[in-house]
2 protein chains.
Amino acid sequence: MVDRPAAQTRSQSIAETLRARILRGDYAAGERMQEVPLAEDLAVSRTPVREALRSLAEDGLLEYAANRGYRVREFTARDIQIAFRARAAMEGLGARLLAERRLTEDEKHELAAILERGDALLADGSYRADDFSAWRRMNRDFHVALLRMADSSLLEKIARDAQTIPIVNQGAFHWYSDADFRHSHYHHHMIVHAINAGDGERAEWWMKEHVNLAGKTVLARQQQADL
Amino acid sequence: MVDRPAAQTRSQSIAETLRARILRGDYAAGERMQEVPLAEDLAVSRTPVREALRSLAEDGLLEYAANRGYRVREFTARDIQIAFRARAAMEGLGARLLAERRLTEDEKHELAAILERGDALLADGSYRADDFSAWRRMNRDFHVALLRMADSSLLEKIARDAQTIPIVNQGAFHWYSDADFRHSHYHHHMIVHAINAGDGERAEWWMKEHVNLAGKTVLARQQQADL
DNA sequence: GCGGGCCTGATTGTATGCAAGTTTGCCCAC
DNA sequence: GTGGGCAAACTTGCATACAATCAGGCCCGC
């Protein structure tokens with residue numbers, strides 16, 4: 001039998017729904033997530049809700065205390081900062097692994113295609129169009145592709161973990177300046193270049209720099225916004 | 001109300017039991033973990049077993065497919081290698097954070113005490129006693145203390161994740177030579193020294209070196225053993 | 001007035017039954 | 001003998017009932 005796309009259970013779709021809501025900020029930090037109200041809201045029984053809550057807690061989005069249930073976790077600026085640095089370290093390691101093993105031709109083409117998409121967006125200025133969605137897709141595709149090519153479930157899981165902290169994953173591009181976009185994509189080019197050249201050291205360095213700079217930009221702008 | 005040590009539910013203790021069994025190798029890689037047999041074995045109903053299995057799957061110890069249940073994950077030598085490198089990156093980041101913020105006097109004393117314990121074990125040769133248990137405790141205390149002082153739930157979680165892969169966590173000291181023990185503890189000293197000196201760069205470098213070398217030692221010896 | 005203990009309502013933890021999906025193997029056509 | 005399809009057995013997913021634990025308020029003694 002061939003592996004199918006994996007049917008989705010109710011628990012899983014509930015977990016997705018709740019994850020999206022939390023990251024979107026629908027629930028206040030520290031708010032209780034109770035089984036019965038959520039079950040009624042979603043029109044299911046407590047069982048799948050319980051399982052979803054457990055998943056989210058393992059992801060680090062909720063806090064759990066035995067017999068006392070789940071609460072939405074709070075994230076400090078320091079949490080966000082560390083999450084960016086952790087993500088930088090993990091994706092940096094991924095880039096180094098890729099440089100060490102050399103890419104296949106197909107993989108090179110895939111990355112080149114993503115880079116071209118970015119080039120095109122920058123050239124005609126359309127990266128600023130409708131909520132940056134095209135840029136956001138390009139950026140996500142780039143990072144996801146590299147992580148996938150690194151082909152390590154642990155690395156993917158860890159990188160995902162670092163992104164369960166709000167802001168760290170979304171790419172808060174609304175805070176980016178024109179130069180920020182250009183620099184960011186320049187990094188993408190340098191990362192791919194180093195990987196293709198088989199230079200693990202430089203691939204890791206550029207990726208770390210790329211993610212860390214994104215973190216600094218976002219944090220700085222966010223703190224301004226909070227004033 | 002004061003925070004209590006957190007009561008343990010059945011789900012949690014079952015998860016612990018199963019985690020220990022898996023890491024110990026009681027179940028073959030790829031083996032199915034079915035709810036009913038496990039529930040009967042542990043003399044509970046399927047519910048807490050289900051929740052435990054879900055936790056272990058989130059940890060990456062089991063693989064899950066909807067409607068098809070859970071299987072024990074397989075780990076390749078490559079997985080182990082990457083896990084060590086990921087752990088090196090994370091604990092390295094932790095060490096750097098500590099160096100950047102400077103330790104309190106209490107924290108300095110705590111680390112100094114652990115270093116002394118290691119010194120003493122090396123001096124009288126007792127690190128080789130009964131299954132290296134004293135050495136293992138000292139080593140664990142060292143790494144756990146640093147992670148705790150770094151005070152980031154994300155970092156702790158990620159480091160823990162990297163350790164859910166067999167061998168990566170246990171400290172396979174039975175493969176260590178005398179020199180390996182001495183070098184390992186020398187690293188501990190250098191890490192603490194760099195942290196106390198506020199030198200984040202060096203603290204990170206030594207920690208990464210320390211974990212990476214441990215990984216190389218273990219992998220090399222293990223592959224010999226597998227022949 | 002204040003602190004401690006108890007009782008009650010609310011909430012989570014576990015057990016169990018039924019529904020839905022998956023796997024196995026048998027049978028039959030070719 | 002081989003492959004497809006069907007059906008039965010098995011396994012997991014979900015709902016619900018009941019048990020255990022927790023939080024808050026009340027009463028009582030001091």
Side-chain angles (χ1 to χ4, degrees), chain A residues 1-19 21-22 26-74, chain B residues 1-19 21-22 26-74:
Chain A
M1 196 218 64
V2 183
D3 273 358
R4 265 162 293 176
Q8 172 117 321
T9 67
R10 236 167 276 195
S11 306
Q12 292 173 319
S13 65
I14 291 172
E16 272 180 35
T17 303
L18 293 179
R19 167 177 288 111
R21 286 189 187 177
I22 294 168
D26 287 5
Y27 303 104
E31 186 175 343
R32 290 187 67 177
M33 296 286 272
Q34 298 190 122
E35 299 173 0
V36 175
L38 285 173
E40 285 172 2
D41 178 22
L42 299 165
V44 295
S45 78
R46 280 174 55 214
T47 308
V49 172
R50 273 182 73 77
E51 303 195 343
L53 291 176
R54 174 173 284 271
S55 287
L56 296 173
E58 300 275 347
D59 276 357
L61 278 173
L62 301 177
E63 282 172 346
Y64 168 78
N67 294 311
R68 270 175 280 178
Y70 299 87
R71 285 177 181 279
V72 178
R73 237 194 86 185
E74 304 201 38
Chain B
M1 196 216 66
V2 183
D3 272 359
R4 265 162 294 178
Q8 173 118 321
T9 66
R10 238 169 272 196
S11 306
Q12 291 173 319
S13 66
I14 291 172
E16 274 180 34
T17 302
L18 294 179
R19 166 178 288 112
R21 286 190 187 175
I22 294 168
D26 288 4
Y27 302 104
E31 186 175 341
R32 290 186 68 175
M33 297 287 270
Q34 298 190 125
E35 298 173 1
V36 174
L38 286 172
E40 284 172 3
D41 178 22
L42 298 165
V44 295
S45 77
R46 283 172 52 215
T47 308
V49 172
R50 272 181 75 77
E51 302 197 344
L53 292 176
R54 174 172 283 270
S55 286
L56 296 173
E58 300 276 348
D59 276 357
L61 277 173
L62 301 176
E63 281 171 346
Y64 168 78
N67 294 311
R68 268 175 280 183
Y70 299 87
R71 287 177 181 278
V72 178
R73 237 195 86 184
E74 304 201 39

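Here the structure is a predicted model, which is why all the values come from computation and not from measurement. All chains are named by letter (A, B, ...) in the order of the sequence lines, taking the proteins before the strands, and each is independently numbered beginning at 1.
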Side chain to side chain contact (heavy atoms under 4.5 Å, CB included) partners for T47(B), two or more places apart:
S45(B), E51(B)
With sequence neighbours left out, what residues match E40(A) under side chain to side chain donor-acceptor pair (under 3.5 Å)?
none
Side chain to side chain contact (heavy atoms under 4.5 Å, CB included) with R73(A): which residues, sequence neighbours excluded?
E63(A), F75(A), D79(A), S153(B)
Which residues pass the salt bridge (charged side-chain N to carboxylate O under 4.0 Å, His left out) test with R21(A), sequence neighbours left out?
D41(A)
What does the B/S/- profile of nucleotides 9-15 of chain D look like, 5' to 3', with a 4.0 Å heavy-atom cutoff to protein?
--SBBSB
Identify each atom pair where a protein N or O and an N or O of nucleotides 5-7 of chain C are less than 3.5 Å apart, giving names and distance.
none

Using the side chain to side chain donor-acceptor pair (under 3.5 Å) criterion, which residues pair with E58(B)? Sequence neighbours excluded.
S55(A)
Taking only residues two or more places apart in sequence, or in another chain, which ones meet E35(A) in a side chain to side chain donor-acceptor pair (under 3.5 Å)?
R46(A), R50(A)
Here the distance between atom P of dA15(C) and atom CD of E40(B), to the nearest Å, is 13 Å
Residue pairs fulfilling ring-ring contact (aromatic ring centres under 6.0 Å, His included) with at least one residue in residues 42-65 of chain A, sequence neighbours excluded
Y64(A)-Y70(A)
Within this structure, what is the CG-CG distance for the pair L18(B) and L42(B), rounded to the nearest 0.5 Å?
6.0 Å
